[in-house]
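Every chain is numbered from 1, with letters handed out A, B, ... down the list of sequences. Computation of the quantities below employed the complete heavy-atom set of this structure, encompassing side-chain atoms and omitting hydrogens, waters and symmetry-equivalent molecules.
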There are 2 protein chains.
Amino acid sequence: MTPQPHHSRGSLSPSLEHYLRAIFDLQENKGYARVTDIASMLGVAKPAVSAAVKTLRSNGLVSHRVYESILLTEEGAKRAKGVSGKFSILMHFLTDVLGVEEEQAFVDACVMEHYVSGNSIDRFLDLLRFFEEPGNQEILEKFHQFRRSCESVDTCPTCSYHCDISVIDFDDMSKKIKQSKRRV
Amino acid sequence: MTPQPHHSRGSLSPSLEHYLRAIFDLQENKGYARVTDIASMLGVAKPAVSAAVKTLRSNGLVSHRVYESILLTEEGAKRAKGVSGKFSILMHFLTDVLGVEEEQAFVDACVMEHYVSGNSIDRFLDLLRFFEEPGNQEILEKFHQFRRSCESVDTCPTCSYHCDISVIDFDDMSKKIKQSKRRV
DNA sequence: TAATAATGTTAAATTTATTTAACAATGTTT
DNA sequence: AAACATTGTTAAATAAATTTAACATTATTA
């Protein structure tokens with residue numbers, strides 16, 4: 001009889017976070033989330049959902065009696081809302097600001113929402129808002145014109161970014177980070 | 001005697017891609033990459049490196065005789081350069097444009113480089129260049145002022161983005177994507 | 001050159017996330 | 001209510017990426 005954590009303040013894996021948000025969105029849009037809905041939404045098999053829900057349940061983020069639909073707890077809803085908000089910010093940024101195709105933006109936002117820090121998301125939001133400021137829309141329009149003009153030039157289908165951007169030294173950076181951790 | 005693929009055009013896992021780039025950076029900066037260097041750079045145990053190198057080798061991306069240092073093949077170097085370029089673009093974007101702290105930017109760029117599509121990276125690069133255009137630096141400066149003014153307002157340490165950004169419907173989007181796949 | 005230190009590998013175990021196959025529970029239809 | 005369809009679970013297997021412990025190889029040094 002090992003005591004189980006009934007709610008966790010710890011961080012979720014990207015995968016579990018994604019399940020959590022799917023449940024949130026289904027709950028918002030149809031009022032409830034069933035295993036099959038989640039499975040089809042995320043493109044995974046049902047047992048994967050069962051397993052994920054079990055873990056979320058043991059973390060106190062959903063309540064779920066077997067064979068019934070899944071409900072977010074207060075804590076679960078709070079977290080899901082956070083992820084959902086990140087997604088929206090990223091999606092708007094990618095499509096409205098950068099001009100990324102909607103489908104591509106969706107795929108990218110769906111992974112970034114789990115991997116990009118809250119700090120950076122805040123900055124993305126700042127930039128999004130900056131372009132919404134009165135008078136700044138024309139700057140965005142100017143960028144879109146610029147973008148269309150260089151698009152054909154620098155797009156590398158092989159993802160080989162041999163561009164003129166100054167290279168940042170990964171090795172150096174990782175050392176720097178380590179040192180700063182040591183200081184703490 | 002199953003025939004092994006001596007080089008693959010397929011895609012690498014984020015983890016393997018990260019090893020590949022670490023090897024590239026070490027090779028660039030010290031001329032060679034040893035297991036211990038890679039392990040300490042990435043903060044993993046040595047057997048993890050051995051295993052990763054073995055896989056990279058079977059994919060024809062590195063050449064490595066046991067107990068000797070690891071060399072990228074031509075194909076390996078090409079791929080590593082691509083990842084490294086993505087990293088630099090992201091790093092510049094996060095620090096120079098968004099104004100994210102260097103350490104945070106490093107962490108974020110290190111995951112984004114593997115997860116964000118080439119399409120979106122191209123758009124990040126466009127925006128980076130837009131701000132470098134003569135006359136546009138002052139726009140960036142204007143943004144930085146704007147950013148500093150709203151920073152304290154919208155930063156949510158709990159990552160709860162209950163902001164005024166219009167919510168994008170994940171459920172709808174995922175259906176749309178599925179339909180478009182069906183069309184193909 | 002023998003002992004020691006550093007470096008690298010193998011083996012075994014663990015964790016997470018997934019799949020398929022089989023089964024159980026629930027809902028619907030005739 | 002019985003048959004069938006849908007939905008959900010459990011069990012077993014797999015794959016990727018990791019760890020620790022033990023061992024092998026190579027390099028250094030006393």
[X] [atom1] to [N] [atom2]: how many Å, rounded?
X       : N       : atom1 : atom2 : value
K46(A)  : dA5(D)  : NZ    : P     : 15 Å
I23(A)  : dG8(D)  : CD1   : P     : 12 Å
D37(B)  : dT7(C)  : CG    : P     : 8 Å
R34(A)  : dA25(C) : CZ    : C1'   : 15 Å
H114(B) : dA16(D) : NE2   : P     : 18 Å
R65(A)  : dT9(D)  : CZ    : C1'   : 17 Å
L56(A)  : dT16(C) : CG    : P     : 13 Å
E68(B)  : dT7(C)  : CD    : C1'   : 13 Å

Out of [options], which nucleotide sits closest to the side chain of [X]?
X      : options                   : value
Y19(B) : dG8(D), dA24(D), dT18(D)  : dT18(D)
P47(B) : dT26(C), dA11(C), dT25(D) : dA11(C)
L16(B) : dT18(C), dA17(D), dA21(C) : dA17(D)

Would you mind classifying the nucleic acid contact of [X] as base, sugar-phosphate or nothing, using non-hydrogen atoms under 4.0 angstrom?
X      : value
V49(A) : nothing
H18(A) : nothing
T55(A) : nothing

Phosphate-side-chain proximity, [X] and [N], N/O vs OP1/OP2 below 4.0 Å:
X      : N       : answer
S50(B) : dT10(C) : no
S13(B) : dA17(D) : yes
T36(A) : dG8(D)  : yes

field: Check against ring-ring contact (aromatic ring centres under 6.0 Å, His included), H18(A) and F170(B)
entry: CA-CA 11 Å; H18(A) 211 58; F170(B) 173 59; 5.5 Å; yes
query: When the nearest nucleotide of DNA chain C is assigned to A33(B) and to G43(A) on a heavy-atom basis, which residue is associated with the more 5' position?
result: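 Mapping each residue to its closest nucleotide by heavy atoms, the 5'-most match is A33(B).
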query: Of A51(B) and A45(A), whose closest DNA chain C nucleotide lies nearer the 5' terminus?
result: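 Final value for this comparison: A51(B).
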query: Looking just at side-chain N and O atoms, do E102(A) and T95(A) make a donor-acceptor pair shorter than 3.5 Å?
result: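 Looking only at side-chain atoms, T95(A) and E102(A) do not form any donor-acceptor pair under 3.5 Å.
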- prompt: Have S180(B) and E103(A) got a donor and an acceptor in their side chains that come within less than 3.5 Å?
  reply: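 The criterion, which ignores hydrogens and geometry beyond distance, is satisfied for E103(A) and S180(B).
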query: Quick one: does F131(B)'s side chain get under 4.5 Å of R129(B)'s, heavy atoms only?
result: no
message: Can you see whether F130(B) has R147(A) sitting over its ring - NZ or CZ less than 6.0 Å from the centre and within 45° of the normal?
response: no
